Amino acid sequence: MKKQWIVGVIALLVVVLAVWFFWPKDQSAHVRAVPADATALMELDLEGFLQESELSEEKIKTLLPEHMDVWNSGIDWEKHAYVFVDAVGMNGCLLAVKDAGELKEFLAQNGERMGITPVEEQQGYYWSLVSGSFVLGFDDDVLMIMGPTLASAQAEMRQRMLGYLKQDKSESVLKAPLYKKMQEQDGVLKAAVSLEMFPEYYRMFQNLGLPEHVDFSKMLMTLSIESKKGQIVFHTGVLSEDPALAQKMKALDDLSGQIDGDFLTSVSPNTTLWMGANLKGDKLMQLMSEIPPLRLYLMAMNHVMDVERMIRSIDGDVALSGTVDGEPVVCVQAHMADLSFMDDADYWISSARASGNYEFERVDEDLYRIGKVAPQDLFLGLKDRNVLFTTSRSAMNGLQKGMDSDLLKPYEDDIRESKFYVWGNLGAVNGVIRSMGLSEQNPQVQQVERFFGKFKAVALRSTKATSMDLIFYLKNKESGLKQLFE
């Protein structure tokens with residue numbers, strides 16, 4: 001019986017030790033030093049970043065001054081790094097400390113070339129200055145750098161940092177919506193920012209039709225970076241507890257549906273930029289009328305033709321494409337509920353003749369020319385239930401006859417899953433650089449060309465009104481970050 005009891009205790013100890021050894025270690029315990037009222041917070045998964053980018057210790061050493069050995073600096077590189085902005089607008093950086101003694105030795109050996117003053121101990125912490133304006137403090141767990149600040153305010157900054165370093169989890173950002181929303185994001189880097197940090201942008205949001213009483217302090221913007229096979233994706237989002245803003249976001253969501261892909265093949269093989277959306281004309285018109293600059297533009301264009309009625313007739317995909325191969329050409333295609341607004345075309349033609357300030361004339365069946373309202377003549381054409389606008393007669397002929405290009409085929413799935421999608425041909429950008437011969441004369445331009453040579457395209461897309469993704473498509477299907485740092 002006694003032996004069984006001893007065996008049971010030993011088995012329990014083995015289980016406890018195994019759980020302790022294999023249980024995931026807390027990567028973010030040191031974030032308790034970030035103040036609860038921080039207005040911005042960013043988290044970098046250092047270990048995940050190094051794995052995704054396949055940056056070896058030796059390669060990183062070659063990127064540092066005099067091949068500095070940061071791996072033996074006393075910093076715990078397996079834990080996450082944090083950057084924050086506190087309530088008074090001071091920038092801060094947090095790193096986990098693995099060995100304070102090793103860190104002091106590293107700073108003593110490398111401090112002078114890093115612009116760091118000799119470390120001194122006060123109030124149970126170690127202190128120094130970086131570049132004369134950033135205060136550095138650390139203990140056995142956390143290294144914090146904050147600034148910039150004037151020499152006369154550095155003592156006050158040290159006291160503020162001391163409060164942050166001593167606070168526990170219940171006093172920190174861990175309980176704040178900023179941290180919780182940031183943790184809902186995926187990726188090696190993620191961040192959350194309160195719009196309260198950018199009061200100068202309040203008016204910009206109001207100009208987009210938001211009510212003046214929107215509480216921007218309750219609005220958060222999020223960011224994360226994800227490395228995929230053949231892609232690097234920047235995810236952004238807007239979160240708000242303000243009812244007026246939530247209602248506005250819902251109205252934007254209702255404005256459009258997922259792109260059908262009606263115009264994916266009707267593009268030039270030389271297309272540099274393509275934009276697509278799926279829209280309801282009535283809702284689009286209501287939104288445009290709430291934005292002052294667009295409202296004024298509509299009023300001006302209504303003197304030429306019934307633009308408002310045309311917009312209200314949109315029912316489906318709208319696409320804009322542009323080329324810079326030779327003379328720039330812009331094309332717009334829109335699927336309409338009906339073409340009854342064109343019944344007034346003869347009236348628009350006679351009005352243009354009577355005015356003399358602009359031109360509107362029929363040049364062929366289902367084709368019109370509009371002059372003196374833009375730097376170039378505009379061509380308005382019809383095909384089936386689609387309205388077409390171009391800045392080139394030959395481009396209009398191509399659209400009306402029908403095009404069949406597979407340029408956008410590799411991105412079709414992403415496009416069809418989106419409500420809004422903007423695509424840029426980075427290969428075409430490189431072609432323009434080469435055609436201008438700039439890289440032959442300027443090494444810096446050569447570096448830009450080599451960098452863009454890693455990418456096929458870049459896209460900005462939205463699947464709902466509160467989020468936006470920036471996608472870099474790379475030429476190979478390997479990890480995006482790995483290709484970026486090759």
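Keep in mind that what you see is a predicted model, and the values were worked out from it rather than measured. Here, residue 1 is the first one in the sequence, and each next residue gets the next number.
Here the closest heavy-atom approach between residue Leu94 and residue Val34 is recorded as CD1-CG2, 3.4 Å. Across all their heavy atoms, Ser194 and Leu220 have their closest contact at CA-CD2, 3.7 Å. Of all heavy-atom pairs spanning Phe379 and Met396, the tightest one is O-CE, 3.2 Å. Taking both residues in full, the closest heavy atoms of Leu399 and Cys331 are given as CD1-CB, 4.1 Å, listed atom of the first, atom of the second, then distance. Contact detail for Ala345 and Phe360: the closest heavy-atom pair is O-CE2, 4.5 Å. When all heavy atoms of Ala192 and Met182 are compared, the pair lying nearest together is CB-CB, 3.9 Å.
If you take CE on Met299 and OG on Ser289, they are separated by 12.0 Å, rounding to the nearest 0.5 Å. Residue Met310 holds its CE atom at 3.0 Å from CE of Met305, rounded to the nearest 0.5 Å. We find the CD-CG distance between Glu78 and Leu50 to be 10.5 Å, quoted to the nearest 0.5 Å. For the atom pair Lys456 NZ and Leu474 CG, the distance stands at 9.0 Å (nearest 0.5 Å). In this structure, the separation between CG on Leu481 and NZ on Lys228 is 13.0 Å, given to the nearest 0.5 Å. With values rounded to the nearest 0.5 angstrom, Met90 atom CE is found 9.5 Å from Phe134 atom CZ.
Listed by chain and number, the residues in a ring pair (Phe, Tyr, Trp, His ring centres under 6.0 Å) with Trp423 are Tyr411 (sequence neighbours excluded). Under the salt bridge (Lys or Arg N to Asp or Glu O under 4.0 Å) criterion, Asp414 pairs with no residue, sequence neighbours left out. Every residue meeting the side-chain hydrogen bond (donor to acceptor under 3.5 Å, both in side chains) condition with Gln183, not counting sequence neighbours, appears here in chain and number order: Glu43. Contacts of Asp344 classified as salt bridge (Lys or Arg N to Asp or Glu O under 4.0 Å), with partners at least two apart in sequence or in another chain: Arg309. The salt bridge (Lys or Arg N to Asp or Glu O under 4.0 Å) test applied to Arg393 returns no partner, not counting sequence neighbours. Residues that satisfy the side-chain contact (heavy atoms from CB on, under 4.5 Å) test with Ala96, not counting sequence neighbours, are His30, Asp76, Lys79. With sequence neighbours excluded, the residues satisfying side-chain hydrogen bond (donor to acceptor under 3.5 Å, both in side chains) with Gln333 are Ser266. Every residue meeting the side-chain contact (heavy atoms from CB on, under 4.5 Å) condition with Asn476, not counting sequence neighbours, appears here in chain and number order: Gln483. Every residue two or more places apart in sequence or in another chain that forms a salt bridge (Lys or Arg N to Asp or Glu O under 4.0 Å) with Lys482 is listed here: Glu54, Glu478.
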Practice task
Could you give me the CA-CA distance, side-chain angles and deciding distance for Leu273 and Asn425, then say whether side-chain contact (heavy atoms from CB on, under 4.5 Å) is met?
Solution key: CA-CA 6 Å; Leu273 178 72; Asn425 187 344; over 6 Å; no
Problem - Candidate pair Asn386 and His335, rule side-chain hydrogen bond (donor to acceptor under 3.5 Å, both in side chains), full reasoning - result: CA-CA 5 Å; Asn386 300 328; His335 186 76; 3.1 Å; yes
Problem - Worked check of salt bridge (Lys or Arg N to Asp or Glu O under 4.0 Å) between Lys280 and Asp315 - result: CA-CA 5 Å; Lys280 296 291 184 182; Asp315 184 24; 2.9 Å; yes
Practice task
Check step by step if side-chain contact (heavy atoms from CB on, under 4.5 Å) holds for Tyr82 and Met144.
Solution key: CA-CA 10 Å; Tyr82 295 88; Met144 177 183 284; over 6 Å; no
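Between the side chain of Ser392 and the backbone N or O of Ala395, at least one donor-acceptor pair lies under 3.5 Å. Formation of a donor-acceptor pair under 3.5 Å by the Gln400 side chain with backbone atoms of Leu382 is found in this model. Without hydrogens or angle criteria, Asp364 side chain to Leu367 main chain gives no donor-acceptor distance under 3.5 Å. Judged purely by atom type and a 3.5 angstrom limit, Ser73 uses its side chain to pair as donor or acceptor with the backbone of Val70. Put simply, the side chain of Ser351 gets close to the backbone of Tyr347: a donor and an acceptor are under 3.5 Å apart. Not a single donor-acceptor pair under 3.5 Å links the side chain of Asn91 to the backbone N or O of Val85. Between the side chain of Ser313 and the main chain of Ala337, no donor-acceptor pair closer than 3.5 Å is present. Of the possible donor and acceptor atoms, none in the side chain of Asp377 sits under 3.5 Å from a partner among the backbone N and O of Gly371. Side-chain N or O atoms of Asp45 include none that pairs as donor or acceptor with a backbone N or O of His80 at under 3.5 Å. With hydrogens and angles disregarded, no donor-acceptor distance shorter than 3.5 Å links the side chain of Asp406 to the backbone of Lys409.
Side-chain atoms of Leu408 and Val267, non-hydrogen and from C-beta on, do get closer than 4.5 Å to each other. Between Ser268 and Thr323 there is a side-chain heavy-atom pair separated by less than 4.5 Å.
Of the N and O atoms on the side chains of Ser172 and Arg32, not one donor lies less than 3.5 Å from an acceptor on the other residue. For the residue pair Ser227 and Ser479, a side-chain donor N or O sits within less than 3.5 Å of a side-chain acceptor on the partner.
Residue pairs meeting the side-chain hydrogen bond (donor to acceptor under 3.5 Å, both in side chains) criterion with at least one partner in residues 462-472, sequence neighbours excluded, are His235-Asp469. For the side-chain hydrogen bond (donor to acceptor under 3.5 Å, both in side chains) condition, the pairs that include at least one residue of residues 354-363, sequence neighbours left out, are Asp346-Arg362, Ser355-Asn357, Glu359-Arg369, Glu361-Arg369, Arg362-Tyr368. Applying the ring-ring contact (aromatic ring centres under 6.0 Å, His included) definition to pairs two or more places apart or across chains, none involves residues 254-286.
Enclosure of atom NZ in Lys181 is not indicated, since only 12 or fewer non-hydrogen atoms of other residues, nucleotides or ligands lie within 6.0 angstrom.
A salt bridge between Arg416 and Asp260 is absent, with no side-chain N of the basic residue lying under 4.0 Å from a carboxylate O of the acidic one. Contact check on Lys180 versus Glu184 returns no salt bridge, with no Lys/Arg side-chain nitrogen under 4.0 Å from an Asp/Glu carboxylate oxygen.
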